[in-house]
Amino acid sequence: MDAEDLFRKLTSGAKFNFKKYPADAQKLKCLKPKCIPVCSALSIKKEPKGDACKVSDDSVSSEAHELDTDSELTLLGSMKAAVTGNKFKKKKNSKKKLDTQESLKKKCAAQQEERISQLRKHHRISVTGRSVPPPIVDFKRMQEEFNLSPKLIQNLLNSGYTDPTPIQMQAIPIMLQGRQVLSCAPTGSGKTAAFLIPVIHHLAGPRKLGFRAVIVSPTRELASQTFR
Ligand SMILES: Nc1ncnc2c1ncn2[C@@H]1O[C@H](COP(=O)(O)OP(=O)(O)OP(=O)(O)O)[C@@H](O)[C@H]1O
């Protein structure tokens, strides 16, 4: 403990009247700092090494406090501020840009979801399950999206199948993804083609490999109808 510490301890709680004894206060260098604007209170010295700065606050101490980082200034001894403002501004801007892109993506996805749900509602399609693909409303788009054989599509068009029925719109994309589907639709709504089109696509033409697809029917009549 040096003399100054000892003095501080001994005089703790004691008040010094600066107004009454300004000369003594000046002599002891313990005049209270005047309230001056931050900018004028600072003198900033740039160090040659990188962006490191030394900042001294004359009203607090004439000794400069060295900063160990190159990204901040010490204002009035304790407050800190960024020196490399541009770097932070850039980071902030790119983060803002990312956030905007992210929110735009979310907005687009929500709009797409809304459109799909409207389409299903319009065709009275109801689905359950995870990541159900959207319904496809024409055979040409089905062909493009799932690389269906042009011959298959041509045969459908030649048979008068200009547009898929609702059960076909929804069930065909699911089955073309190789997923299982349990579907239910009224009589005469086109269920047979809904499962036959994906089956024919997956078989990819005749091969001499025996049975490669089995269709189980509840009645002989329905089996022969499907066969036809
Ligand atoms: N996309 C389509 N465009 C035009 N006609 C179609 C289409 N899909 C199926 N059809 C025709 O509609 C009729 C009924 O189809 P289909 O027999 O496949 O219905 P289904 O739902 O399987 O009937 P069921 O419940 O009796 O088995 C058939 O004559 C079929 O050729």
Side-chain angles (χ1 to χ4, degrees), residues 89-228:
K89 223 177 192 177
K90 266 185 197 167
K91 261 190 187 174
K92 214 174 167 185
N93 279 350
S94 61
K95 196 176 174 274
K96 211 174 172 184
K97 215 174 173 182
L98 272 177
D99 284 349
T100 328
Q101 279 175 349
E102 202 68 27
S103 66
L104 215 77
K105 262 188 201 171
K106 273 186 191 168
K107 210 174 166 185
C108 280
Q111 278 176 350
Q112 178 76 358
E113 270 306 310
E114 180 58 31
R115 250 178 270 142
I116 293 168
S117 116
Q118 287 291 329
L119 188 64
R120 286 198 180 117
K121 213 172 174 182
H122 178 73
H123 293 286
R124 302 179 69 193
I125 300 170
S126 109
V127 292
T128 52
R130 253 184 268 155
S131 311
V132 181
I136 299 180
V137 293
D138 69 275
F139 288 119
K140 278 268 173 223
R141 268 204 57 208
M142 261 184 215
Q143 182 196 357
E144 285 161 13
E145 213 155 299
F146 294 99
N147 204 20
L148 294 181
S149 147
K151 207 172 173 183
L152 177 60
I153 299 297
Q154 198 51 52
N155 284 341
L156 288 173
L157 295 174
N158 291 346
S159 308
Y161 289 28
T162 46
D163 296 305
T165 62
I167 182 73
Q168 292 164 359
M169 285 177 196
Q170 187 60 83
I172 294 174
I174 300 172
M175 287 184 76
L176 287 176
Q177 282 187 349
R179 293 170 66 180
Q180 294 189 7
V181 59
L182 185 71
S183 61
C184 174
T187 302
S189 57
K191 294 187 291 289
T192 311
F195 67 78
L196 275 184
I197 294 168
V199 167
I200 292 167
H201 170 75
H202 286 305
L203 291 176
R207 306 247 199 295
K208 287 182 178 165
L209 295 168
F211 292 109
R212 291 191 291 145
V214 176
I215 296 161
V216 181
S217 301
T219 61
R220 182 183 286 269
E221 195 202 331
L222 191 58
S224 62
Q225 196 183 311
T226 306
F227 181 75
R228 275 203 308 274

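Read the numbers this way: they start at 1 and go in the same order the structure lists the ligands and their atoms.
Put simply, the side chain of Lys191 gets close to the backbone of Pro186: a donor and an acceptor are under 3.5 Å apart.
No more than 12 heavy atoms of other residues, nucleotides or ligands shown are found within 6.0 angstrom of CD on Glu221. The environment of His122 atom NE2 is sparse: at most 12 non-hydrogen atoms of other residues, nucleotides or ligands sit within 6.0 angstrom. Around the CZ atom of Arg207, the shell of radius 6.0 Å holds more than 12 heavy atoms that belong to other residues, nucleotides or ligands. When the shell of 6.0 Å around CD of Gln180 is examined, it contains 12 or fewer heavy atoms from other residues, nucleotides or ligands.
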For ligand 1, list all ligand N or O to protein N or O distances below 3.5 Å, rounded to 0.1 Å.
| residue | atom | partner | partner atom | Å |
| --- | --- | --- | --- | --- |
| ligand 1 | 1 (N) | Asp163 | O | 2.9 |
| ligand 1 | 1 (N) | Gln168 | OE1 | 2.9 |
| ligand 1 | 8 (N) | Gln168 | NE2 | 2.9 |
| ligand 1 | 18 (O) | Thr192 | N | 3.3 |
| ligand 1 | 18 (O) | Thr192 | OG1 | 3.1 |
| ligand 1 | 19 (O) | Gly190 | N | 3.1 |
| ligand 1 | 21 (O) | Gly188 | N | 3.4 |
| ligand 1 | 21 (O) | Ser189 | N | 3.1 |
| ligand 1 | 21 (O) | Gly190 | N | 3.2 |
| ligand 1 | 21 (O) | Lys191 | N | 3.1 |
| ligand 1 | 21 (O) | Lys191 | NZ | 3.0 |
| ligand 1 | 22 (O) | Lys191 | N | 3.4 |
| ligand 1 | 22 (O) | Thr192 | N | 3.2 |
| ligand 1 | 22 (O) | Thr192 | OG1 | 2.8 |
| ligand 1 | 23 (O) | Gly188 | N | 2.9 |
| ligand 1 | 25 (O) | Lys191 | NZ | 2.8 |
| ligand 1 | 31 (O) | Tyr161 | OH | 2.6 |

Verdict with supporting geometry, Asp138 and Arg141, side chain to side chain contact (heavy atoms under 4.5 Å, CB included) = CA-CA 6 Å; Asp138 69 275; Arg141 268 204 57 208; 3.8 Å; yes
